[in-house]
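Comments concern the structure below.
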There are 2 protein chains.
Amino acid sequence: MSTEGRAAPTSPGPSTSRASIADVARLAGVAPITVSRVANGAESVSPATRQRVQSAMDKLGYAPNHAARALRSGSFGAIGLVAHRLARTGESRTVEGVVEAARAEGYTVSLVDVVAPTSDEVTAAARRLSHQAIDGLIIIRAETSTPATLALPPRLPVVVSDSSLIRRHAAVSSDQVSGTRAAVQHLLDLGHPTVHHLSGPADSSPAQVRLETWRETLRAAGRTVPEPWRGDWTLQSGYELGARIAADPQVTAVFCANDEMAAGLMRSLHEHDIAVPQELSIVGFDDIPVAEYLWPPLTTVRQDFGRIGAELVRMVLERLRGGDDALARHVVVPTTFVIRASTAGYTPRTRAPRS
Amino acid sequence: MSTEGRAAPTSPGPSTSRASIADVARLAGVAPITVSRVANGAESVSPATRQRVQSAMDKLGYAPNHAARALRSGSFGAIGLVAHRLARTGESRTVEGVVEAARAEGYTVSLVDVVAPTSDEVTAAARRLSHQAIDGLIIIRAETSTPATLALPPRLPVVVSDSSLIRRHAAVSSDQVSGTRAAVQHLLDLGHPTVHHLSGPADSSPAQVRLETWRETLRAAGRTVPEPWRGDWTLQSGYELGARIAADPQVTAVFCANDEMAAGLMRSLHEHDIAVPQELSIVGFDDIPVAEYLWPPLTTVRQDFGRIGAELVRMVLERLRGGDDALARHVVVPTTFVIRASTAGYTPRTRAPRS
DNA sequence: GGTGACGTTGTCATCGTCAACATGACGCAG
DNA sequence: CTGCGTCATGTTGACGATGACAACGTCACC
């Protein structure tokens, strides 16, 4: 009497008490292990038994309990992903790349975001995730200005993208240097005396790289390096700085650290009646979908975010399975310089800006 | 001799054999349950013991095994999320909303995408997820044209967004009807004899709603209903259809089913030398960040994707905890009509299009 | 000094699955 | 008819954490 039937769901959480392997076994009149064998493609089960088990499973709507399976096997089939502001173009496309690559490998992705890209926040997020069930961890654009050591669970494979953590962890990054160089050189080749820069926020590692490379390229060409303007990646910041850029007739070429700021800038120049590219050339970065359809179509540096995502997954899984330390620690994904119509040969700006 | 020490990690997967609660207990000289108590904020543990356990945990880098915890408690602390083409604006912003809301509730999000928004694909994705450890499921924009029943695990709370599955599952959707009506009415109020429509793909439920509402609004106003153009949400499709729209001098007002297509269209009209809004008024849908910075700034219907994401999470958790069936089955999130500069009063188009 | 209350810590059992080993049935060669 | 291999199926136990309950020590109070 005491062992008969299933106990009422008194103790465990308010969970969905789904059918377990034992229920199926009872209904099919077999041992639990047989059900397990059927559920897993299985080795040697007679067709008759298999059939009986199968219909019992269907009848009860049985789905294997992943927690139990993970507990038993020690692996979860999931990769953790920490991102910041994931609705932004680069982020969301990288996330998409990660998710697609993970799916191809039979993994799902556990996503958490951080409110601010500080070291503490990322640590907290990683901890939150490691309390979750994950086999590896990907951190996208951890724009920590203070690269304190992240307190991560030991033995958890970690791969980061474009961040100041590159030195401490395996990493995937875009070839920002080549992209930036191509962009700046393109403008110089067009005859512009120098190239101004609308940079990203100071705490962003990619922004720093683009800024540095821009500076170096100008220096290498023996040009004067003007003071850069500091934006925050948003369209609005590009738009607002546009007023200052319009007011300075020295500026004939601007390399923007991303396409959004370039778009905001172009809009502002429109309003100030400055013709792009006749009076002022603009280059962006990222190649967001709308870049090609702006007016004029934006010359920019294309990043292959999908590939970055795929590489991130590949590296995590490599570490997961191999365990070897002889693995590549840093993969660089090439960028492509795309010339459209927002750049043109140098001509001095003559017209006074309209206020 | 046989029972002493831990067995070499022969049997279970190649997993990271992290320290277990037993290891910590041994090191601290206490029982496992005490470690458990310390790990969980705990009730009654003496400061001395707590301290000892804490340092043992730190020393071993202990992190609780979530699989075991989930197995015991029956809940996973994770919400499954199925999305399609998640790098698109609406999708990525909704995902961001979901992730933020989930974090606030202490949940993480398990993300999978589907290659195509078919019923089969979504079912497969959901199954893949339910093999994962999730407590509830959110399906974003399942644009199934054939709303066959999804074969989902029983008792798994499911909430969908903007899809043809609305009838079968709890749902959150934008108030597309009001938004569309406001957009079309705005153009009619400006004196345009009728309003053309650049619609989304036929298999998209939101596209259908916008199309239907546009049609009804025109009918209610007693206007002729022109044949709609069919796009596929992309900038490119808007751009390509732009040639035809430019060629038809009857067209003076176009309601586009999303901002991307509107942007593509505007670019095309630029090239055909048709002035927006003087000769042709355009309204978009979504209010993507760049909409405000296009030239001219785009009049559009703003969707509150963040709120949609938050509502999705709220409804899933409600179902998860309450279990009551007396819960709201359908939440509508308001849209906002944002008037900018891409619409103007009606004037007949006189100039012949260029080419 | 004995008794009970309380606060701390431990024992046992359990969640669902699956690897390892054990058992049983059957067939076939010698 | 015996012995052994083969295949299908069953039994046992362990993965790690933790709820229920028990046991222990300490202290206050009568």
Side-chain angles (χ1 to χ4, degrees), chain A residues 2-3 6-26 28-53 57 60 62-77 130-131 133, chain B residues 2-3 6-26 28-53 57 60 62-77 130-131 133:
Chain A
S2 58
T3 55
R6 302 191 70 200
T10 44
S11 28
S15 95
T16 61
S17 68
R18 308 197 278 207
S20 86
I21 205 170
D23 301 319
V24 177
R26 206 170 307 137
V30 297
I33 188 69
T34 303
V35 177
S36 169
R37 287 196 256 252
V38 172
N40 298 339
E43 330 131 32
S44 53
V45 179
S46 76
T49 310
R50 178 187 306 275
Q51 181 54 46
R52 207 146 31 94
V53 171
M57 294 199 313
L60 295 175
Y62 168 76
N65 181 318
H66 183 76
R69 193 175 264 181
L71 174 58
R72 191 68 185 62
S73 72
S75 112
F76 306 96
S130 80
H131 282 242
Chain B
S2 57
T3 55
R6 300 190 71 200
T10 45
S11 30
S15 95
T16 60
S17 67
R18 308 198 277 207
S20 86
I21 203 169
D23 301 319
V24 177
R26 206 170 308 135
V30 298
I33 188 69
T34 302
V35 178
S36 168
R37 289 196 257 253
V38 171
N40 299 337
E43 329 129 33
S44 52
V45 179
S46 74
T49 310
R50 176 185 309 273
Q51 181 54 46
R52 207 145 32 95
V53 171
M57 295 199 316
L60 295 175
Y62 169 75
N65 182 318
H66 185 75
R69 192 178 268 177
L71 174 59
R72 194 67 181 69
S73 71
S75 120
F76 306 97
S130 82
H131 282 242

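Values below: all heavy atoms of this structure, side chains included; hydrogens, waters and symmetry mates excluded. Each chain gets a letter, A, B and so on, in the order its sequence line appears, and its residues count up from 1.
Between the CG atom of B/L71 and the P atom of D/dA14 there is a distance of 17 Å, given to the nearest Å. Between A/R69 atom CZ and C/dC15 atom P there is a gap of 19 Å when expressed in whole angstrom units. Distance B/R26 CZ to D/dG16 C1': 13 Å, rounded to the nearest Å. In this entry the distance linking NE2 of B/H66 with P of D/dT18 reads 11 Å, nearest Å. Nucleotide D/dC15 holds its C1' atom 13 Å from the CG atom of B/D23, rounded to whole Å.
Contact between the side-chain N/O atoms of A/N65 and the OP1/OP2 oxygens of C/dC15 is not found at any separation under 4.0 Å.
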Show the distances under 3.5 angstrom between N or O atoms of the protein and N or O atoms of nucleotides 7-13 of chain C.
residue: C/dT9; atom: OP1; partner: B/S46; partner atom: OG; Å: 3.1
residue: C/dT9; atom: OP1; partner: B/T49; partner atom: OG1; Å: 2.3
residue: C/dT9; atom: OP2; partner: B/S46; partner atom: N; Å: 3.0
residue: C/dG10; atom: OP2; partner: B/A31; partner atom: N; Å: 2.9
residue: C/dG10; atom: OP2; partner: B/T34; partner atom: OG1; Å: 2.8
residue: C/dG10; atom: N7; partner: B/R37; partner atom: NH2; Å: 3.0

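Nearest heavy-atom pair, B/Y62 versus B/I21, reported as atom, atom and distance to 0.1 Å: CE1-N, 3.6 Å. For the residue pair B/V38 and B/V45, the shortest heavy atom distance occurs at CG2-CG1, 4.1 Å. What you find for A/A67 and B/F76 is that their closest heavy atoms are CB-CE2, 3.5 Å. Across A/V35 and A/M57, no two heavy atoms sit closer than the pair CG1-SD, 4.4 Å.
For the atom pair A/L71 CG and B/R69 CZ, the distance stands at 13.0 Å (nearest 0.5 Å). Here B/T34 contributes atom OG1 and B/R52 contributes atom CZ; the two are 9.0 Å apart, rounded to the nearest 0.5 Å.
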Could you go step by step and tell me if A/I33 and A/R37 meet the side-chain contact (heavy atoms from CB on, under 4.5 Å) rule? CA-CA 6 Å; A/I33 188 69; A/R37 287 196 256 252; 3.6 Å; yes

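When the side chain to side chain donor-acceptor pair (under 3.5 Å) test is applied to B/S36, no partner is found at least two apart in sequence or on another chain.
Comparing the local axis fitted to the first five base pairs of the helix from C/dG1-D/dC30 to C/dG30-D/dC1 with the one fitted to its last five gives a bend of 60°, rounded to 10°.
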